[in-house]
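Accompanying notes for the structure given below.
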Protein chains: 2
Amino acid sequence: MDDTPKVWDFCTNSALKRASRQLGQLYEDVLSPSGLRGTQYSLLSQIAHSKNASLRTLADLLVMDLSALGHTLKPLIRDGYVELVPDASDRRVKRVQLTPFGLKKQQETTDLWRKAQARFENALGKQEAEALRRALNGISETSFAEAFTRASDGTEPGAGK
Amino acid sequence: MDDTPKVWDFCTNSALKRASRQLGQLYEDVLSPSGLRGTQYSLLSQIAHSKNASLRTLADLLVMDLSALGHTLKPLIRDGYVELVPDASDRRVKRVQLTPFGLKKQQETTDLWRKAQARFENALGKQEAEALRRALNGISETSFAEAFTRASDGTEPGAGK
DNA sequence: TATATTTAGTGGCATATACCACTAAATTGA
DNA sequence: TCAATTTAGTGGTATATGCCACTAAATATA
């Protein structure tokens, strides 16, 4: 029989992407007066928080491919929000930091972010929002990836039931 | 004082994207033998499920921009999985359908998807997974977007507290 | 019915994100 | 110390996704 609907209804990956598109839109609408995309604001905030992190470190924190991070940073560097500073002791490493302009932008945009966040919490409910973030953060952990990779998919030789 | 950490910890939008990257990676690793990306498998499944939907309808179901859907479909059309059929009665409309080859691919790949899904449920727990999907699907609803847009962000004139 | 408005899709451009191949630098080990 | 391996980044290419401007077709309105 046709199990296509089941795939659609139960695929957490698809559900996650769909929700991510929706929420991304909603946040971006609120952030738009700043001229920053949602991702860009997130990135600036992470950079502000993880002072002087290397690209590698930042990529790991963001659960993002290193080269993807490099590409994503380019517009922010071009626009003067971010700069890469070569590390003195390890010449392979580049440290990422906000320019004064970038820091100012991040701080200003935080007011808009607060609005989006308030709307979100009001729309979903504080408890629900909190629980959702916990679940999502759990999935983002390295330990979750390990658990997933180790987990049974029902096809292992000798996997009972 | 510095509230940057708060932004990082509490931003549901960022948490959603991070988790989406992580889970996307994990699912793709499992699906990779099929040659389909995670998004592509989702798309084929949705097309199989929503038989003869127009691009517009499909985009709405996927909470996706119409033109984005058009772009995303291109590789699938090029590879012979999907075709666009002009509607007879409304000549603006194109209906999306799987080719026999595309249907076969979707069905075959469902075995891999089941593995990924099983791993996910085992790693997170069935209850948790179920609750997460419910929350995510709620956010994807049009009604959620409306609630978000209507919701107070604490800056309305006369908004008490 | 003729015009104004809305709707469906397309194509161009920009960002987001991944993989691969490659370079340079650091680290390991014989 | 010198070769083998690992690590950090970069650049190219491909998909994912959004916005805008534009065309064509349908619908609403005067």
Query raised in the report: Among A:V30, A:L124, A:D29, which one satisfies side-chain contact (heavy atoms from CB on, under 4.5 Å) with B:F148?
Result: A:V30
Report summary line: Whole-Å distance, A:D65 CG to C:dC20 P, equals 10 Å
Query raised in the report: Looking across every strand, which nucleic acid part, if any, lies under 4.0 Å from A:T39 by heavy atom: base, sugar-phosphate, or nothing?
Result: sugar-phosphate
Requested in this report: Return the value, rounded to whole Å, for the distance between atom CG of B:L55 and atom P of D:dA25.
Outcome: 16 Å
Requested in this report: Give B:L66 one of three labels, base, sugar-phosphate or nothing, depending on what nucleic acid heavy atoms sit under 4.0 Å from its own.
Outcome: base
**Report entry** Closest listed nucleotide, where the reference is the side chain of B:S67 and the choices are D:dT10, D:dA16, D:dC19
**Finding:** D:dC19
Query raised in the report: Quick one: do A:R134 and B:E128 make a salt bridge, cutoff under 4.0 Å?
Result: no
Query raised in the report: Rounded to the nearest Å, what distance is computed from the OH atom of residue B:Y27 to the P atom of nucleotide C:dT17?
Result: 20 Å
Query - Atom-pair distance (CG on A:L69; P on C:dT15), nearest Å - result: 15 Å
Query raised in the report: At under 4.0 Å, does any side-chain N or O of B:R21 touch on OP1 or OP2 of C:dT17?
Result: yes
Query raised in the report: Is any side-chain nitrogen or oxygen of A:Q25 closer than 4.0 Å to OP1 or OP2 of D:dT17?
Result: no
Query - Nearest-nucleotide comparison on DNA chain D, the residue closer to the 5′ end among A:Q22 and A:V93 - result: A:V93
**Report entry** Nearest-nucleotide pick for B:P75, side chain only, options being D:dG11, D:dA16, C:dT17
**Finding:** D:dA16
Query raised in the report: With a 4.5 Å heavy-atom cut-off, do B:Q106 and B:S45 have their side chains touching?
Result: yes
Query raised in the report: Nearest-Å distance, CZ (A:R18) to C1' (D:dT17)?
Result: 16 Å
Query raised in the report: Can you find a heavy atom in the side chain of A:L73 that is under 4.5 Å from one in the side chain of A:L55?
Result: yes
Report task. Could you check A:R78 against B:E28 and say which one's nearest nucleotide on DNA chain C is further toward the 5' end? Result -> A:R78
Query raised in the report: Taking CZ from B:R56 and P from D:dA24, how many angstroms apart are they, rounded to a whole number?
Result: 20 Å
Report task. Considering just the side-chain nitrogens and oxygens of A:K94, establish if one lies under 4.0 Å of OP1 or OP2 belonging to D:dT10. Result -> yes
Requested in this report: Can you label the angle between the B:F101 ring and the B:Y81 ring as parallel, tilted or perpendicular, going by 30° and 60°?
Outcome: parallel
Requested in this report: Tell me whether the OP1 or OP2 atom of D:dA24 has a side-chain N or O from B:R91 closer than 4.0 Å.
Outcome: no
Requested in this report: Can you check whether any acceptor in the base of C:dG12 is under 3.5 Å from a donor in the side chain of B:H71, or vice versa?
Outcome: yes
Query raised in the report: Given that B:D29 and A:S89 both sit by DNA chain C, which one's nearest nucleotide is further toward the 5' end?
Result: B:D29
**Report entry** Distance test, side-chain N/O of B:K74 to OP1/OP2 of C:dT10, below 4.0 Å
**Finding:** no
Requested in this report: Please state how far atom CG in B:D87 lies from atom C1' in C:dG9, giving the value in whole angstrom units.
Outcome: 13 Å
Query - Evaluation steps, salt bridge (Lys or Arg N to Asp or Glu O under 4.0 Å), between B:E130 and B:K126 - result: CA-CA 6 Å; B:E130 177 61 30; B:K126 250 191 161 31; over 6 Å; no
**Report entry** Under-3.5 Å donor-acceptor pair between B:R92 side chain and C:dT7 base
**Finding:** yes
Query raised in the report: Whole-Å distance between D:dC19 C1' and A:R37 CZ?
Result: 8 Å
Query raised in the report: Looking at C:dT17, C:dT10, D:dG9, which one has an atom nearest to any side-chain atom of B:L84?
Result: C:dT10
**Report entry** Sugar-phosphate, base or nothing in reach of B:S54, heavy atoms under 4.0 Å
**Finding:** sugar-phosphate
